[in-house]
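As structure tokens, the structure follows; a few thoughts come after it.
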Protein chains: 2
Amino acid sequence: MVQIPKQQPAQQPSAPKAPAKQSARGAVPTSADVARLAGVSRATVSYVLNNTSAVRISEPTRRRVHEAAKELGYVPHAAARSLRAGHTRIVLMPTPEVPAGPLYSGFLNELQWALSRLDYTVVQYGSVGVGGDDAARAWAELRPVAVLAPVGMGPDGIAVLKRSGAKAVITLGPAPVEDAHALLMDHREVGRVAAEHLLARGHRRIGVVMPREEGLDAFAEPRLAGVRATGADAVPLPLAYEEEDAAQVASRISELGLGAVFAYNDEYAMLLMRAVQDAGCAVPGDVAVIGADDLMLGRLLRPRLSTVRIDLPSGRELAELVDRLVRDPAAEPEVRDVMGATLVRREST
Amino acid sequence: MVQIPKQQPAQQPSAPKAPAKQSARGAVPTSADVARLAGVSRATVSYVLNNTSAVRISEPTRRRVHEAAKELGYVPHAAARSLRAGHTRIVLMPTPEVPAGPLYSGFLNELQWALSRLDYTVVQYGSVGVGGDDAARAWAELRPVAVLAPVGMGPDGIAVLKRSGAKAVITLGPAPVEDAHALLMDHREVGRVAAEHLLARGHRRIGVVMPREEGLDAFAEPRLAGVRATGADAVPLPLAYEEEDAAQVASRISELGLGAVFAYNDEYAMLLMRAVQDAGCAVPGDVAVIGADDLMLGRLLRPRLSTVRIDLPSGRELAELVDRLVRDPAAEPEVRDVMGATLVRREST
DNA sequence: TTGAAAGCGGTACCAC
DNA sequence: GTGGTACCGCTTTCAA
């Protein structure tokens with residue numbers, strides 16, 4: 001006999017194999033434990049619990065397996081499964097670095113929910129400060145099947161993710177990125193709509209509120225750019241989300257003789273409008289104010305707040321796009337404009 | 001030479017081994033690929049890339065490995081690693097079923113972010129409709145090291161999670177659950193504080209806004225109960241978050257002769273206050289209104305909105321608790337009250 | 001109808 | 001200093 005089994009050399013045929021590994025008390029039960037208890041093989045356990053249609057297992061056996069599984073409280077191990085399968089159902093989404101507004105965070109929530117319904121595992125990954133392309137490496141370790149890339153992830157990051165097996169990489173942001181499907185959300189459009197309205201009302205100089213809150217400039221800058229693109233004379237007005245600063249800005253508005261302000265969004269608009277009114281200015285008489293996002297609160301203010309309604313794709317819709325791309329990874333990267341901005345004129349302009 | 005490799009029996013010394021598995025073009029590179037390219041073993045690759053301190057690897061070898069890894073764009077496979085390690089760094093959090101208010105969602109965001117910083121992988125899991133204890137099984141498949149259990153997960157669910165290896169299970173909710181650390185957030189307290197204030201102002205009958213929006217009753221019901229607990233005569237006022245319904249409720253308030261309303265939170269309070277005022281009632285003259293959450297907008301209303309400030313633990317704090325529990329899983333389940341409610345009286349009451 | 005066993009990708013122990 | 005290799009838990013041929 002030439003062939004020698006590695007663990008049990010023929011020279012010592014009597015050497016008992018390591019005692020059938022008894023899952024230690026307190027250890028997490030595995031399919032092997034279930035198999036042992038049911039008196040079948042691990043293969044059979046797998047067949048039964050996954051309802052493998054290619055294999056017919058007798059009813060008594062099925063019952064024994066199910067009972068054993070229940071008795072042990074067996075739960076399959078997702079990592080082991082996907083390691084074997086060679087792919088996961090993980091969809092990676094970035095955690096917004098700053099508590100986003102109600103509009104956007106509502107959108108993300110809906111998306112997440114819709115993905116869950118499609119049986120994906122949604123993993124929210126903090127961009128932990130490290131640059132996008134660097135974060136990509138950390139993300140790739142999870143072998144996500146799809147990724148909603150954060151703004152700031154460059155082509156290299158995308159490439160890393162795709163090479164690691166991501167079937168769909170989708171960027172949500174102002175500009176398309178190489179080799180990724182792009183859902184264009186160009187906030188310049190928001191500024192443009194607001195500014196054109198104000199221009200039409202005869203205001204050439206427009207104050208533009210720029211939130212001092214970190215993380216918001218990603219939205220604020222493009223909105224400002226959009227205002228400028230109309231040819232209006234845009235005056236940036238840095239504003240922290242608190243009353244004192246609002247009072248300052250309000251007085252600055254008077255000094256500058258600004259007749260119109262685009263207030264970034266409805267919440268900042270509310271803050272500013274209050275400050276302007278408290279300073280004795282009439283809205284829209286002395287200064288016109290327009291917000292964005294079309295939140296409920298705008299309708300409740302007096303004067304009612306003019307705003308720019310932002311249309312985002314529904315989470316369900318986006319989730320289905322993800323699903324489609326996962327199923328058909330060959331699809332050519334597609335660039336689609338998904339953000340609409342329309343004027344909602346009320347009384348404040 | 002006695003030992004014979006199992007794949008190449010001595011009988012067929014000429015049988016060529018399956019051609020050294022060449023990672024197919026386009027396949028995700030593994031540590032074996034790196035090893036081959038660097039001309040070393042997988043073990044060495046592992047040592048080098050993990051900076052294993054127990055093993056000294058020569059500098060030239062390290063360089064070769066690093067270069068090979070970079071050239072191939074190698075990224076380790078998290079599932080394989082944690083399968084081997086026997087544990088993950090996954091922390092599971094429930095996705096709120098309904099877009100939570102700014103206060104709570106801000107808290108969750110912060111928590112998530114703090115956990116990321118502590119090097120945990122945060123997985124947001126949708127409760128996908130299935131009952132808590134059922135969801136627990138799905139959750140357990142990920143073998144999370146810690147779980148923030150959603151309200152509605154019973155003791156059985158907790159048990160499943162723990163048996164699957166979760167070192168820390170923490171419930172955030174109104175009541176403690178067996179065998180889990182409990183962060184008590186008892187919203188009755190909010191109702192109690194509001195009601196006691198109104199009682200002190202001489203109102204015995206108190207309207208209590210109950211959002212019609214699904215998912216919010218988890219908070220609304222306890223708040224109502226808190227009002228009742230003071231002995232006040234609570235009148236539930238179902239209210240959808242829209243102007244028309246608010247007008248209805250406002251007129252109902254007149255009919256019922258309600259002199260005071262606790263409006264669930266500041267946003268509903270704003271909505272209702274507007275409707276009440278539009279109906280010709282004075283606030284607080286005819287009807288006193290108090291909200292909750294102490295949002296900025298309350299300060300901007302006229303009259304300024306009285307409210308109940310809710311103190312939540314900081315996300316950082318909770319993240320550190322999670323981390324501590326993970327490190328010391330033996331710790332006795334602890335029940336802690338983490339929600340403070342304090343009156344902020346302004347002008348609307 | 002069932003079982004034996006090869007691996008998925010990494011890690012870490014033990015030899016050399 | 002390095003290499004060989006068992007093993008983590010599961011799926012899936014291939015044989016019996």
Side-chain angles (χ1 to χ4, degrees), chain A residues 5-8 17-18 21 23-24 27-36 38-62 64-65 69 72 74-88 140-143 164-165, chain B residues 1 3-8 18 21 23-24 27-36 38-62 64-65 69 72 74-88 140-143 164-165:
Chain A
K6 33 184 182 153
Q7 289 298 8
Q8 196 176 355
K17 212 171 166 180
K21 208 187 327 168
S23 73
V28 185
T30 73
S31 77
D33 295 321
V34 176
R36 208 170 308 132
V40 299
S41 74
R42 292 157 66 213
T44 304
V45 171
S46 178
Y47 294 143
V48 171
L49 297 184
N50 294 313
N51 259 314
T52 308
S53 54
V55 172
R56 307 237 68 80
I57 302 284
S58 71
E59 207 41 60
T61 307
R62 307 183 80 84
R64 292 221 313 287
V65 169
L72 294 176
Y74 169 69
V75 174
H77 192 304
R81 187 191 301 236
S82 58
L83 177 57
R84 169 69 222 224
H87 61 256
T88 69
E141 296 194 0
L142 298 178
R143 297 289 190 272
S164 82
Chain B
M1 180 191 183
Q3 184 146 12
I4 299 175
K6 41 179 178 158
Q7 291 296 9
Q8 197 175 356
K21 211 186 325 166
S23 73
V28 185
T30 72
S31 77
D33 296 321
V34 176
R36 208 169 309 133
V40 300
S41 73
R42 292 159 66 214
T44 304
V45 170
S46 177
Y47 294 144
V48 170
L49 296 184
N50 294 311
N51 260 316
T52 308
S53 54
V55 172
R56 309 237 69 81
I57 302 285
S58 73
E59 207 40 60
T61 306
R62 308 183 80 85
R64 293 219 315 286
V65 169
L72 293 176
Y74 169 70
V75 175
H77 192 305
R81 183 184 304 212
S82 58
L83 178 58
R84 170 68 225 221
H87 60 257
T88 69
E141 295 194 1
L142 297 178
R143 297 291 190 271
S164 81

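Values reported hereafter were calculated over all heavy atoms of this structure, with side chains retained and with hydrogens, waters and symmetry mates removed.
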- Message: Students often get this wrong, so: under 4.0 angstrom with heavy atoms, is R81(B) touching a base, only sugar-phosphate, or nothing?
- Response: sugar-phosphate
- Task: Specify the separation, in whole Å, of atom CG of N51(A) and atom C1' of dT12(D).
- Result: 16 Å
- Can you name the side chain to side chain donor-acceptor pair (under 3.5 Å) partners of T52(A), sequence neighbours left out? none
- Task: Provide, to the nearest angstrom, the distance between the CZ atom belonging to R36(B) and the C1' atom belonging to dG4(D).
- Result: 16 Å
- Message: Please report the distance, rounded to the nearest Å, between CG in D33(B) and C1' in dC8(C).
- Response: 13 Å
- Taking only N and O in the side chain of N50(B), is any of them less than 4.0 Å away from OP1 or OP2 of dG10(C)? no
- Item | Sugar-phosphate, base or nothing in reach of V65(A), heavy atoms under 4.0 Å | nothing
- Item | Distance, rounded to the nearest Å, where L49(A) contributes CG and dT11(D) contributes C1' | 12 Å
- Round to a whole Å and report the spacing from CG of L83(A) to P of dT12(D). 13 Å
- Bend angle of the helix from dT1(C)-dA16(D) to dC16(C)-dG1(D), end axes from five pairs each (to 10°): 50°
- Task: Send over the distance from H87(A) NE2 to dC10(D) P, rounded to a whole Å.
- Result: 16 Å
Donor-acceptor pairs are to be reported for all side-chain atoms of residues 79-88 of chain B against protein atoms at under 3.5 Å, with residues two or more places apart or in another chain.
from: S82(B); atom 1: OG; to: A78(B); atom 2: O; distance (Å): 3.1
from: S82(B); atom 1: OG; to: A79(B); atom 2: O; distance (Å): 3.3
from: H87(B); atom 1: ND1; to: A85(B); atom 2: O; distance (Å): 3.4
from: T88(B); atom 1: OG1; to: I90(B); atom 2: N; distance (Å): 3.2
from: T88(B); atom 1: OG1; to: R143(B); atom 2: O; distance (Å): 2.7

- With distance as the sole test, does R42(A) use its side chain to make a donor-acceptor pair with the main-chain N or O of S31(A) at under 3.5 Å? no
- Task: Report the distance from atom CZ of R84(A) to atom P of dC10(D), rounded to the nearest whole Å.
- Result: 13 Å
- Task: Just call it for T61(B): base, sugar-phosphate, or nothing, with non-hydrogen atoms closer than 4.0 Å on any strand.
- Result: sugar-phosphate
Side-chain donor-acceptor pairs under 3.5 Å in residues 43-51 of chain B, sequence neighbours left out?
from: T44(B); atom 1: OG1; to: S41(B); atom 2: OG; distance (Å): 3.1
from: S46(B); atom 1: OG; to: N50(B); atom 2: ND2; distance (Å): 3.3
from: N50(B); atom 1: ND2; to: S46(B); atom 2: O; distance (Å): 3.0
from: N51(B); atom 1: OD1; to: R62(B); atom 2: NH2; distance (Å): 2.9

- Item | Non-hydrogen atoms of A69(B) and V34(B) that approach each other most closely | N-CG1, 3.9 Å
- Task: Scan residues 52-59 of chain A against DNA chain D and write down, sorted by residue number, each residue with any heavy atom closer than 4.0 Å; if none is found, say none.
- Result: none
- Item | Gap between atom NE2 of H77(B) and atom OG of S164(A) - 0.5 Å precision | 9.0 Å
- Among dC10(D), dG10(C), dT11(D), the one nearest S46(A) by side-chain distance: dT11(D)
What are the atom names and distances for every N/O pair under 3.5 Å that joins the protein to nucleotides 3-5 of chain C?
from: dG3(C); atom 1: OP2; to: S41(A); atom 2: N; distance (Å): 2.8
from: dG3(C); atom 1: OP2; to: S41(A); atom 2: OG; distance (Å): 3.1
from: dG3(C); atom 1: OP2; to: T44(A); atom 2: OG1; distance (Å): 2.7

- Task: Identify the two heavy atoms, one from Y74(B) and one from T30(B), that lie closest to each other, and give their separation to 0.1 Å.
- Result: CE1-C, 3.5 Å
- At under 4.0 Å between heavy atoms, what does S31(A) touch on the DNA or RNA strands: base, sugar-phosphate, or nothing? sugar-phosphate
- Message: Expressed as a whole number of angstroms, how long is the span from L142(B):CG to dG9(D):P?
- Response: 16 Å
- Message: Looking at dG9(D), I'd like to know if its phosphate oxygens (OP1 or OP2) sit under 4.0 Å from a side-chain N or O belonging to T30(A).
- Response: no
